[in-house]
Each structure stands twice: as C-alpha cells, then as structure tokens.
Amino acid sequence: MDKMLIPTTDADWVIAEQHCDQLRESSRESRFSVSNGFLGVRGTRGINRFSRGQVPPHTWVAGLFDLHDADPPVPGLVPAPDWLSITVALRGEKLAYHRTRTRQRCRVLDVRRGIMFTDATLTHRASFSLRARSLHLVSLDDRCIGLQLAQFTIEHGEGELTLQVGFANLDTDLITRRMEPGVATWSTYTTPSQLGLAAAVVLEVDGREQKAAQDGPFEWSWRWNARSGQTIRLQRYVALVRTDDGADPGEIAHARLGTAQNRGWRSLITAHEVAWAARWQASDIIVNGDPAAQRALRFAIYHLNGAANPGDPTVSIAARALTGSDYRGHVFWDTEIFLLPFYTLTWPDAACALLHYRFRTLDAARRKAAASGWKGAMYAWESADTGDEVTPDQVVGPDRTLVDVLCGHQEQHITADVAYAVWQYWLATADEAFMAEAGCEIILETARFWASRALPEPDGRRHIRGVIGPDEYHETIDDNAFTNQMARWNILCGIEIARLISDRLPLAARLLPDSAELAAWAEAASTIATGFDPATGLFEQFAGYFAREHIDLADYAGRSVPMDVVLGRDRTAASQVVKQADVVALLALQPDLCTPAQAATNFAYYAPRCAHGSSLSRAMHALVAARLGQPAAALSYFLHSAAIDLEESRAAIDGGIHIAALGGVWFSAVHGFAGLTLRPDRLCLSPSLPPSWHSLHLTIQWHGRSLAIAIDSATRMLSVRLLSGETMTLDICGQAHRLAPGRPVQAGIA
Ligand code: BGC
C-alpha cells in the first residue's frame, strides 16, 4: 500500500482508538477532528457511519454565523454539509462493521500530518467481506480544500455491490440559492456571509474509472458485480468558500475545486504535509522521560495549529474551535489568555490575525461601553461576527434547569484580557506596524474604559462593583481582585502606550491622550482597590469573600458532578468554593504583583478552595505551581488538563474539544515548566521540570528570531541556540546572557 495512504507508525505521532465503540462515537468525532483554521471536520467515520443517537456529522466554517431560529436567540456558527458519507451495500443491504475483524485501531489521527485514517472490515453475514480504508484532510496549504480517499478490497464473496457517495446536512439551516450537480450556494438569513460548495468524485475499480449515476446534485452511485480480490478506489475533492462581500462563493468554490483536481490528490497531500511540517518545526515540544506528557503536548499542539488561520483577520477561535457545536462558535477570554500565548510565541502571524479580530470589533466594544454610560471600549464576554455581546441570557445548567446568565453584563475582565494579549504580543514580537495600526488603539480604549468604570468613593479608593470574575460561581460581586488588578494593569499599560507612541510610533500620534487624561489615569491606577491584605499577604478574591462559608472540598473528592450541582447554586454562591482559577489566574498573569512567598501563600490558600468546575482551571494551577517550584503538583494539574479531551475515562466531549484547556497544556509547559516570561526588554527563562522529565526541548519566536531551547534535568543545564536572527540578550535564572548566531548559550539551572 502506498505510504502516503497509511498513518505514521511512530506511536508518538498518532492518536488511535483502541476499538470501535458506538457509545463513544460522538466524543471521538470531536477528538479526531481535522481542521485548518477555516474548515473543521469532525472525525466521522464516513463509511457506513453508525447513526444511533449521534451528533450529526458536520463541517464547521470559520465566520459563518447566522441568527435564524436560534435557541437561545443569539448568533451561532451554522454547520455546513458533511462530505464524508459513503454507503456500501451488497444486494441492497448495507454492510455491517465486523466486530472482531475490524482492525483494533480502526480510527487513527496522524497528528504529524493532520490526516485522519480509518481501517475496518465490513461484512454481509458470513458470505461477503470487504476491507475498507480511508483518509480525509482539510488542506493546511489551501484552506478551502478537503480531500477524502477510500480504498476497498473485497476479501471474499461476490454479488451486486452498490457504492453511494453523498453529503449530509445539504438542507443546512441556510437559504439555498443554487443547487446543481456538484455546485451549491447558500446565504445566511441575517448576515452578509454566503457559503459555496463544489465537489467532484472519481471511482476506479481495478484501475479503471467507472461512470457514476448522479442521483442528486451531491449524490453519486455505482453498481457492479463485485468479486473477491477486486480493489476499488475513490477520490472525493471538495471546495468550501465563505464570502462576505457579495462575491459568488459557488463560482469561487468551483474554480478552486478545478485547480485542486488538476493538481491531483498526491500533490494536494504533499503540499498539506509540507505545511504541517513547517508548523511542527516551529511549535513542536519534545519531552524525554514522560510519554504521557509527550502525547498530551502533541495532541494539544496539533489542535492549536489546526485552530488558527493567519489569513483571516475577521474571525477568532471559538471555545470549541471548529470541532463542535457547544458555545455556538462564540469567542471568549479563552482566546486571549489561553491561546494567544501559543500563537504569539510560535506563530506570530496567526496571533496578529487573532488580535486584528479584536481590532475590527473595537467599534462594537465602544458601543457596549457607551450603552452603559462608560467611556472607551468594553469587549463582549461572548463575541461572534460583529463583536456585539452575544452571551445568551439563559442556558440549561448542569442540573438540567434553566439558569440566568449574567456574564454578558458582568464578566468584564475580558476587556483587560484582550489588552493583556496585545501587550504580550508586543513584548514578544516588537511588531510596530501592528501596534501603530491596531494594538495601541485597543490598549488605549480599554484603559479609557477602566478609568471610567472604576469609580472614586468616599473611602478615597476607586471600586469596581457588580462584576463576575473568572470564578463564575460568584455573581454581582464588588472588587474582584482579578478584575481590579487587571483593570489597574490595563490603565498603567495605557500610560505606557502613550509613552511608546511619543518615543517610537509617530504613525499612532493621532491616538495620543492629552495630559489631563493621562494624569487622571495615573490617579485611577493608584487608587483602585486591590484586595491585598498586607497583614496576611492574601488577596481577597472579592469584597466579603473571607467571610463566606468554608467548605472542605476534600469531603467531596469522589463526586461525579460539579460542586454547584452538589451544593446547589445558592449555597455555592454563599460559600468560598471557587469555580476556577481566579486569584491563581492573577498570579499567573501578573507574577510581579507580589513576592514569591506571598504568591505561595495565596496558592496554598486558594488551590484547596477550587472545585475546577471549568476546563480552564487546572492549567492555570499547573503554571503557577511550576513557577512556585512545585513541579510534581504542577504535573498533576497538567495531566488532568490534558486528559479532558484526550482520555476516554473523562466526561463526554461530544460538543467539541476544549481548545483553551489545550492552550493551557502548552502554556503550562512553556511558561510553567520552562519558566518563560516576557519582559519589556528581554526574554527570561527559569525552569522547574517535573522529576520524571529528563529533558524538555522547544522552539519559540522572539522579535523575528527563532530560538531552540533545551533543558536537561540530569546535567542541570539549559541551552539556547539561535536558529535564525541576530544577537540578543536573554536572562537565564536571573543572569543576563548574550546569544549570538552560531554561539549557543549554556547555563546551569537551580
Ligand atoms: C468558563 C469560562 C470560559 C467558558 C468558555 C466557562 O465554563 O467558566 O471561563 O470562558 O466556559 O470556555
């Protein structure tokens, strides 16, 4: 068999299911998704797909939002047709998966190449048996192209075989504008977006192309007398195009399909693999000594690389990326806080496109601030195509009751989170063009918002009342330490930006705040309530938190449902139980806010109070634990984070993978175990590897340079090599080193 058509045999690069299991099908479809930042295809086994009680097979198209019959009534991503369906039948009866003879690893995701493979035996009672192998991908080289190849070998038996190739969900919840053989277009009900689809299918039996019967615009079938030993090969090419400017997406898809077909599947696969190889070269992490951690990192990096598209600044990454329907394609703080670290340090072009999405939605953020009487820009907690607030007012809670959602009004820290990601991008890239065009404006407008939002009160301090912090178990609280400290940081960053514009960015001079405004910002930043108690060294998570009921979470260790379900919403809200990292997240994002000893005190206080009711929580704990020199605890958080999407024993992930948790896996390795931090003038490394990790190797981009970093536990040495770019200075464990081309730095670590 052609090597191109089988998965890599290197176990470090594959995720394989051990056996078929109808009950786990939907979760596996999420886990095995392939995507390229524009198209996301769930890991459906297209051949004679099991259909009992499944999530429908879908392709997700970035940016294809609509608000039609939506429940809840907020815009959501509209699923595009699925293009993997193949039905094989003998004498009109659909072949069945053979339980024992179906290959053990019947579905394999080759993360190195971004291709999903299937391999199974299908039978008709005992009389007929066929081996069916397939692969599919969405091209990382040409993001609108999908390819499916299938090969069937008749192992024994004969008779009239029918093979049907079709598309599911063609009557997608859109307005059909054109439906002709192999070409279709749809428009949404409420947005300018249109979708175009073009497809072509070729079938060969023993090397001879067969003419298809066209049973519908997107249905092809063949019927012939099959006999033992026959080999049947199928190629399906699809092109999916989204337009937002009135251009005909069907015509564009048709033309793109023609180009893809002319290139042929071999050339498409080669170009796709080259594109994936480039991404792995820029972003792979190698862990020696801990195969579970290695697997977790590869899986995370695979999905992170598949989630972004540097070519489209109009979209961002949803909470489930392009792998499922949960959260309706909405964008949260997940992107800026959990995902941007990866893109900023390994794929700055993708990071830049994601930040441009926030720039393009700045007007919506201005509208949101103005609607509440505040200045500047306040980003939506949940954002879709326009950037207007799309958080539903109610959702079905974990205990299946309807609950009011206040996040759209109160979870305002996202505004500072966006500014934070812009600043981190600036520190890592020194991208002046981006800052002058977009970055400075985002930071200034968000600083302006906070200066108007934090109001002075008779106690001489400014307070931010009526918010929700990252810990969503507590609503309508005052002075959430995370929110206030991020707001304070955002205002100070605004002042820093004004300095930067004056010194280095004349192109952004139009944005310069006047001196009165800058003075007001300085006063605001210095008087915001911080929640810090110098006597204990603790940050109070919000005003009154310490007085709430203490609940010992150890008593609930074996629970299988979230703590707010165990206790009920009201008691949870009245308690100290924290949904997810909140003060701990603050320690992660602002490591200089307090001394290491105070950070350790806060971590020791808050970690046992955290119920990890969000998939985002443990990664933040991993990062902070690693920085505090607790690598064994950090590793446990890290592995739990990785298990959310990777391990079958965990909760179902039918609605898509948790891309923020995967981003957290990456940042806990890089910012936690490798101890990487970004300073205004330099990059700093201060590693703390888990005892089982013999070594850690990673590559990052910094100010246009590419750096290879290796940390070796046995020799206690860290080495950094410049793969490209000019001489620079970096800090290793607090010591400055000069790094020049061809002259790696070697330094001992604590
Ligand atoms: C978490 C949020 C997160 C959202 C989307 C919620 O459960 O509490 O922090 O942004 O899920 O992932």
Side-chain angles (χ1 to χ4, degrees), residues 30 72 74 76-77 300 303-304 307 316-341 354 358 379-384 389-392 394-399 403-418 420-421 467-475 477 480 482-483 486 541-542 561-565 569 572-573 577-586 588-589 610-621 623 641 644-645 650-665 667:
S30 297
V74 290
L77 274 188
H303 276 296
L304 290 164
S316 185
I317 301 175
R320 298 292 179 263
L322 293 169
T323 71
S325 58
D326 279 5
Y327 289 116
R328 308 182 56 82
H330 293 177
V331 180
F332 296 71
W333 73 314
D334 306 33
T335 310
E336 280 71 26
I337 298 301
F338 292 78
L339 305 180
L340 256 298
L354 290 165
R358 292 299 190 181
Y379 280 99
W381 172 243
E382 295 187 29
S383 184
E389 184 57 72
V390 293
T391 305
Q394 287 192 318
V395 293
V396 180
D399 56 355
V403 292
D404 292 336
V405 181
L406 303 182
C407 302
H409 306 283
Q410 298 189 356
E411 200 156 353
Q412 297 170 1
H413 64 82
I414 179 137
T415 293
D417 305 334
V418 172
Y420 184 87
V467 297
I468 299 175
D471 162 22
E472 294 166 350
Y473 287 166
H474 296 98
E475 297 173 333
I477 51 164
N480 166 238
F482 181 90
T483 306
M486 290 297 285
Q541 189 183 296
F542 55 83
V561 290
M563 268 318 281
D564 58 334
V565 176
R569 274 169 63 80
T572 310
V577 175
V578 172
K579 179 181 179 188
Q580 68 195 86
D582 193 302
V583 169
V584 170
L586 178 61
L589 300 188
C610 184
H612 302 293
S614 157
S615 62
L616 279 57
S617 186
R618 285 192 172 87
M620 280 295 183
H621 284 76
L623 166 55
S641 249
I644 295 167
D645 289 336
R650 303 285 150 167
I653 54 161
D654 303 7
I657 54 134
H658 300 73
I659 193 75
L662 296 174
V665 166
F667 75 50

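Along the sequence shown, residues carry numbers from 1. Counting convention: from 1, in listed order, for ligands and their atoms alike.
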**Student:** Heavy-atom cut-off of under 4.0 Å around ligand 1: list whichever protein residues fall inside it, by chain and number.
**Tutor:** A319, Y327, F332, W333, D334, W381, E472, K579, Q580, S614, L616

**Student:** To the nearest 0.5 Å, tell me how far E411 CD sits from D417 CG.
**Tutor:**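 E411 atom CD to D417 atom CG measures 8.5 Å (nearest 0.5 Å).
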
**Student:** Using ring-ring contact (aromatic ring centres under 6.0 Å, His included) as the criterion, list what pairs up with F332, not counting sequence neighbours.
**Tutor:** Y327, W381

**Student:** Can you name the residues that form a ring-ring contact (aromatic ring centres under 6.0 Å, His included) with H409, not counting sequence neighbours?
**Tutor:**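 Applying ring-ring contact (aromatic ring centres under 6.0 Å, His included) to H409 gives none.
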
**Student:** Between E382 and P392, what is the shortest heavy-atom contact and its length?
**Tutor:**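 Answer, listing the atom of E382 first, then P392: OE1-CD, 3.6 Å.
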
**Student:** Taking the side chain as C-beta and beyond, is there a heavy-atom pair between V395 and V403 under 4.5 Å?
**Tutor:**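 When only atoms from C-beta onward are counted, V403 and V395 do touch, with a gap below 4.5 Å.
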
**Student:** Using the test side-chain contact (heavy atoms from CB on, under 4.5 Å), find all partners of P470 that sit at least two apart in sequence or belong to another chain.
**Tutor:** W333, H413, N480, F482, Q580, D582

